[in-house]
Amino acid sequence: MKRYIALLRGVNVGGKNKISMAELKQGFEAIGLDAVRTHLNSGNVAFSGEEGELSARIQAMIRERFGLDVPVLVISKEWLDDTLKQAPDWWGRGDKEIYDNLILVLPPATAGAVAEKLGEPTEGLEQVCVREGAIFWSFDRKSYAKCSWWKKSASPGIGECITIRTANTVRKLVGM
């Protein structure tokens with residue numbers, strides 16, 4: 001069986017789309033997925049399973065079990081590990097003044113199209129590196145409100161086709 005990571009978009013954010021991670025784990029197991037582990041309270045799930053329509057199966061389970069229509073991105077652990085190996089040198093170094101994120105793109109959108117919609121990052125405050133299916137994005141913590149991408153990342157036409165995780169979170173998920 002292959003190892004996968006499911007990233008649920010917009011779960012337990014601002015009091016909306018509340019899902020208990022313990023109940024979510026049980027839901028994954030109920031649809032035949034194995035070695036299920038959750039990380040944090042924001043819809044990060046590592047599991048083992050056979051290839052197939054995993055996103056659709058998980059979305060259907062969430063709809064049935066929790067009454068929510070939540071976008072789910074399923075990626076292989078191997079893909080995420082390979083993507084992290086392509087990180088630029090400036091990303092994820094642990095500098096407390098910088099906030100490092102990985103923007104993951106939900107198909108059919110592409111990383112290039114998302115980056116184009118977000119426009120140019122704010123010079124001196126943001127750095128961006130586009131890869132296939134993901135965008136490495138870092139910004140100055142103190143000046144985040146001035147960052148172009150920060151303001152636009154949740155806007156219509158963009159927010160619904162991405163999910164964002166911190167460098168620490170994606171590294172933890174690869175290790176699960």
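Not measured: the values here are computed from a predicted model.
Interatomic distance, OG of Ser155 versus CG of Leu118, reported as 7.0 Å (0.5 Å rounding). Rounding to the nearest 0.5 angstrom, the gap separating the CD1 atom in Ile103 from the CD1 atom in Ile162 is 5.0 Å. Atom OG1 of Thr169 and atom CG of Leu40 lie 5.0 Å apart (nearest 0.5 Å). Between Leu173 atom CG and Lys77 atom NZ the span is 10.5 Å, to the nearest 0.5 Å. Atom CD of Glu51 sits about 4.5 Å away from atom NZ of Lys2, to the nearest 0.5 Å. We find the CD-OG distance between Gln59 and Ser55 to be 6.0 Å, quoted to the nearest 0.5 Å.
Just one of Phe47, Trp79, Phe28 meets the ring-ring contact (aromatic ring centres under 6.0 Å, His included) condition when paired with Tyr4; it is Phe47.
The closest side-chain heavy-atom distance from Arg131 to Asp82 is not below 4.5 Å. Considering only heavy atoms from C-beta on, Glu50 comes within 4.5 Å of Met1 through its side chain. Side-chain atoms of Leu68 and Val11, non-hydrogen and from C-beta on, never get closer than 4.5 Å to each other. For the pair Ile5 and Asn44, the minimum side-chain heavy-atom distance is 4.5 Å or more. In this structure, Lys146 and Thr122 have side chains that are not in contact, with every pair of non-hydrogen atoms separated by 4.5 Å or more. The closest side-chain heavy-atom distance from Phe139 to Asn101 is below 4.5 Å. Between Lys172 and Asn168, every side-chain heavy-atom pair lies at or beyond the 4.5 Å cut-off. Looking at Ile98 and Trp90, their side chains never come closer than 4.5 Å, going by heavy atoms from C-beta outward.
Arg165 approaches Val170 most closely through the heavy-atom pair CB-CG1, 3.7 Å. Shown here for Ser143 and Asp140, the closest heavy-atom pair between the two residues is N-OD1, 2.9 Å. In plain terms, the two heavy atoms of Gly10 and Asn17 that are nearest each other are O-ND2, 3.1 Å. Closest approach of Gly49 to Leu33, counting heavy atoms only: CA-CD2, 4.2 Å. For Trp149 against Gly119, the heavy-atom pair with the smallest separation is NE1-O, 2.8 Å. Nearest heavy atoms, Gly112 versus Val130: N-CG1, 4.0 Å.
Val72 and Ile75 fall into different hydrophobic clusters, where Ile, Leu, Val, Met, Phe, Trp and Tyr are joined by side-chain heavy atoms under 4.5 Å apart, directly or via other members. Transitive grouping of hydrophobic side chains (ILVMFWY, heavy atoms separated by less than 4.5 Å) brings Ile62 and Leu54 into a common cluster. Grouping the Ile, Leu, Val, Met, Phe, Trp and Tyr side chains by contacts below 4.5 angstrom, directly or via other members, places Met21 with Leu8. The hydrophobic clustering, which links ILVMFWY residues whose side-chain heavy atoms are closer than 4.5 Å, places Ile135 and Leu73 apart. Cluster membership for Leu106 and Met61, using ILVMFWY side-chain heavy atoms within less than 4.5 angstrom, is not shared.
Using a distance-only test at 3.5 Å, with no hydrogens or angles considered, no donor-acceptor pair links the side chain of Glu126 to the main chain of Glu123. Between the Arg141 side chain and the Lys96 main chain, a donor and an acceptor come within less than 3.5 Å of each other. One N or O on the side chain of Arg3 and one on the backbone of Ala35 form a donor-acceptor pair closer than 3.5 Å. Of the possible polar contacts, none joining the Asp69 side chain to the Arg63 backbone as a donor-acceptor pair under 3.5 Å is found. Side-chain atoms of Arg9 never come within 3.5 Å of backbone atoms of Cys161 as a donor-acceptor pair (strictly under, hydrogens ignored).
More than 12 heavy atoms of other residues, nucleotides or ligands shown are found within 6.0 angstrom of CD on Gln86. Within 6.0 Å of CD on Glu160 lie more than 12 heavy atoms contributed by other residues, nucleotides or ligands. Atom CD of Glu78 has 12 or fewer heavy atoms from other residues, nucleotides or ligands within 6.0 Å.
Under 3.5 Å, the side chains of Asp100 and Ser138 contain a donor-acceptor pair of N or O atoms.
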Checklist entry - Going through the distances and angles, do Ile164 and Ser153 end up as a side chain to side chain contact (heavy atoms under 4.5 Å, CB included)? => result CA-CA 9 Å; Ile164 303 171; Ser153 63; 4.3 Å; yes

Item to check | Verdict with supporting geometry, Leu102 and Phe136, side chain to side chain contact (heavy atoms under 4.5 Å, CB included) | outcome: CA-CA 5 Å; Leu102 186 63; Phe136 293 92; 3.7 Å; yes

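Under the 30°/60° scheme for interplanar angles, the aromatic rings of Tyr144 and Trp150 are found to stand perpendicular.
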